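Order of the sequence lines sets the chain letters (A, B, ...), proteins ahead of strands, with each chain counted from 1. Not measured: the values here are computed from a predicted model.
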There are 2 protein chains.
Amino acid sequence: MSIRPQTPSGARPSMADVGRLADVSAQTVSRYFTGTGYVSAETRERITAAVAQLGYRPNHLARAFRANRTKTIGVMTMGTMNYGITALYSGLTAAAHATDYSIVIRHIDSDLDEPGALEEARQGLEGLQSLQVDGIILATQYRDADELAEGISERFPVVTLSGLPQPNADTVALDSHQAGLLATRHLIELGHERILHVPGPENRNETLERERGYLDAMSEAGLPPLPRPSGTSWSADTGHRAGLAVDPAEFTAVFAANDAIALGFTSALRSRGYEAPRDYSIVGVDDMPEVAYYAPPLTTMRMDFDELGTVAFDMIRHHIEKGERLDLRVLPSVLIERESTAPARPEADRAPSS
Amino acid sequence: MSIRPQTPSGARPSMADVGRLADVSAQTVSRYFTGTGYVSAETRERITAAVAQLGYRPNHLARAFRANRTKTIGVMTMGTMNYGITALYSGLTAAAHATDYSIVIRHIDSDLDEPGALEEARQGLEGLQSLQVDGIILATQYRDADELAEGISERFPVVTLSGLPQPNADTVALDSHQAGLLATRHLIELGHERILHVPGPENRNETLERERGYLDAMSEAGLPPLPRPSGTSWSADTGHRAGLAVDPAEFTAVFAANDAIALGFTSALRSRGYEAPRDYSIVGVDDMPEVAYYAPPLTTMRMDFDELGTVAFDMIRHHIEKGERLDLRVLPSVLIERESTAPARPEADRAPSS
DNA sequence: TCAGAGTGCACCATTTGGGGG
DNA sequence: ACCCCCAAATGGTGCACTCTG
């Protein structure tokens with residue numbers, strides 16, 4: 001029962017074809033669809049029948065062209081495709097679907113600090129604009145991302161996910177400072193004093209903010225921060241490397257910049273005979289769905305990427321449809337306590353298992 | 001240095017504006033961009049200058065409208081947004097980017113067996129068609145997905161990722177049968193005889209194929225398959241539930257339908273005092289980036305979703321540009337041996353740790 | 001004169017075929 | 001042969017207008 005167009009040409013039927021069959025003009029068909037103006041019940045019926053008979057579908061492209069409004073949002077993501085981006089897409093596509101928008105994705109595997117990436121990103125943005133998207137959501141946490149917004153008219157709706165307010169772009173972000181603060185406080189409340197921070201890649205606002213949260217929590221408790229390993233990526237291998245390099249005698253707890261890093265760190269320490277939470281406590285950030293099943297189940301800060309996508313979409317839609325800007329929003333994170341954290345124990349107890 | 005349009009209206013400059021400034025007609029500007037027809041070096045220079053001065057960008061939308069060719073592929077995904085879908089996006093967007101195509105995404109959170117999902121999916125497909133995409137990639141493994149392809153003209157390029165050849169659609173898939181076969185053979189080669197399979201959600205082709213691979217491997221070794229738990233989802237909780245329900249005395253090895261299920265299963269058995277690979281071996285499917293850091297690092301079948309995206313894109317592009325169909329492709333998976341599998345041990349050795 | 005119902009035409013930015021100089 | 005322009009066409013929308021009672 002596949003529907004075949006009934007037009008002479010065999011091509012997709014147009015409003016004119018529908019009009020011909022229903023014995024009205026194409027414009028009347030247009031009004032039938034858009035709801036503007038008058039169409040008598042009788043005519044309406046004839047049009048409905050003609051539409052069904054021809055299998056006519058409105059041509060969104062022509063409509064967008066004429067109306068100068070595509071109902072499409074461009075989304076530009078950068079860096080390794082990971083859990084955060086996945087969950088963000090999920091929120092974004094759901095919000096778009098609910099309001100009859102479309103999402104077109106541009107993804108670049110490298111982040112802005114890699115050579116050539118800035119130029120590639122710029123081209124991506126131009127490509128999006130040349131598609132006539134109604135707005136762009138720019139998902140990079142790289143600190144110098146504002147350079148990218150150059151070349152985009154300040155009237156054009158842009159939302160970044162950097163958390164950094166910019167003259168030409170609104171921004172939403174998950175509250176990384178709060179995540180770092182609450183995660184570290186949690187460790188402090190458990191009695192830990194020598195707390196190590198394993199950071200994410202440098203020059204990302206998330207990395208800086210999480211570290212700042214850690215530093216603030218340490219300082220409000222009068223504890224000295226520990227020297228930190230250098231950050232390279234958001235992946236497990238960053239945590240793994242850090243876990244191999246570190247001296248286990250120097251800390252009793254770890255705040256990892258995200259869950260993957262926490263996982264890698266745990267894995268490295270396990271290979272050296274140290275287990276959490278027996279020998280040290282560790283908390284991550286993100287709450288990826290799998291971490292509840294890790295060994296041990298990971299205590300972490302839940303970051304609601306889904307909500308991030310929803311809010312980012314709503315912000316840009318607000319800008320597009322109402323013409324107003326909502327400068328900055330920050331979404332809170334919440335501590336999920338599982339089994340990777342435990343009260344600090346006297347020093348004497350801590351030793352590698354054989 | 002943000003670029004401002006220099007047209008009287010303040011709107012985005014058009015080819016006509018460029019032409020006016022360069023003292024040529026708009027059509028010549030068109031030929032300058034498309035490369036069809038003659039444009040003298042001198043004129044070319046004037047146009048280049050005018051383009052730069054105005055900050056002109058081609059209007060992809062108008063071009064698509066006129067040429068009846070959007071250079072856009074619609075991608076429809078269903079079910080929980082997980083590692084596989086994201087990795088697929090990654091391959092898809094990279095391939096599209098390389099050939100100057102765009103990708104527009106429609107994602108539905110429920111898969112086709114949930115109520116209302118079929119209708120929602122149908123609407124999604126119609127929405128994509130009304131955007132005038134040049135082709136559609138339909139990513140669902142649900143067995144009855146062919147119903148969806150109805151209502152799409154058989155001339156319209158569609159590629160499904162079901163692995164099931166259909167009259168109106170080409171298909172690519174990762175070789176789930178082979179994954180099941182090789183994973184199970186690996187366990188058999190290690191000396192295991194009582195091998196449990198924990199399947200994915202019912203009615204997915206992937207689930208059926210992986211199970212078929214398992215059954216074939218068992219039968220070729222003359223081993224009886226074990227009764228299987230019922231499948232519900234691709235997530236860790238499916239494995240966790242199975243791991244709580246199962247009798248550990250009944251098997252010495254497990255083939256889990258994917259990595260997340262393997263993780264959940266491992267976690268449940270750990271809570272009951274059983275550890276891999278000491279008490280049982282387990283192998284997953286997917287090779288998500290984190291599994292190398294699991295406890296124990298997971299032996300798994302690597303599925304190249306990135307490649308899947310690339311091939312799907314190339315297939316549909318071939319159909320679009322050459323008019324030829326490439327009916328079916330199947331991509332092999334490869335065994336990644338880590339530490340969750342080990343040689344079978346005499347029965348007497350197996351006991352829960354205290 | 002008025003309100004309802006519908007038509008005709010210009011227009012959006014670009015591409016294309018048929019010429020003209 | 002080279003370089004460029006004109007006019008038409010793409011599908012749909014909004015405005016001004018007509019027609020009928």
For [X] and [N], give me the distance from atom [atom1] to atom [atom2], rounded to whole Å.
{"X": "Y32(A)", "N": "dG6(C)", "atom1": "OH", "atom2": "P", "result": "13 Å"}
{"X": "D17(A)", "N": "dG12(D)", "atom1": "CG", "atom2": "P", "result": "9 Å"}
{"X": "L61(B)", "N": "dT10(D)", "atom1": "CG", "atom2": "C1'", "result": "12 Å"}
{"X": "D23(A)", "N": "dT7(C)", "atom1": "CG", "atom2": "C1'", "result": "13 Å"}

- Query: Taking atom types as modelled, is there a side-chain donor on E42(A) or S40(A) under 3.5 Å from an acceptor on the other?
  - Reply: no
- Message: What I want to check is whether the side chains of T72(B) and S102(B) have a donor and an acceptor closer together than 3.5 Å.
- Response: no
Can you name the ring-ring contact (aromatic ring centres under 6.0 Å, His included) partners of [X], sequence neighbours left out?
{"X": "F305(B)", "answer": "Y83(B)"}
{"X": "Y101(A)", "answer": "F313(A)"}
{"X": "Y56(B)", "answer": "F33(B)"}

- Determine which pairs satisfy salt bridge (charged side-chain N to carboxylate O under 4.0 Å, His left out) with at least one residue from residues 311-326 of chain B, sequence neighbours left out, and list them in order. R69(B)-E321(B), D170(B)-R325(B), R317(B)-E321(B)
- Using a 4.0 Å heavy-atom cut-off, write out nucleotides 12-21 of chain C from 5' to 3' as B (base contacted by protein), S (sugar-phosphate only) or - (no contact). BBBBB-----
- side chain to side chain donor-acceptor pair (under 3.5 Å) partner of T140(B), the single match among D111(B), T160(B), N205(B), T77(B): D111(B)
- Item | Helix axis bend for the helix from dC2(C)-dG21(D) to dG21(C)-dC2(D) - C1'-based end axes, five pairs, 10° rounding |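 End-to-end axis angle: 60°.
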- Message: Using a heavy-atom cut-off of 4.0 Å across all strands, would you classify T28(A) as base, sugar-phosphate, or nothing?
- Response: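 Base, at least one base heavy atom under 4.0 Å.
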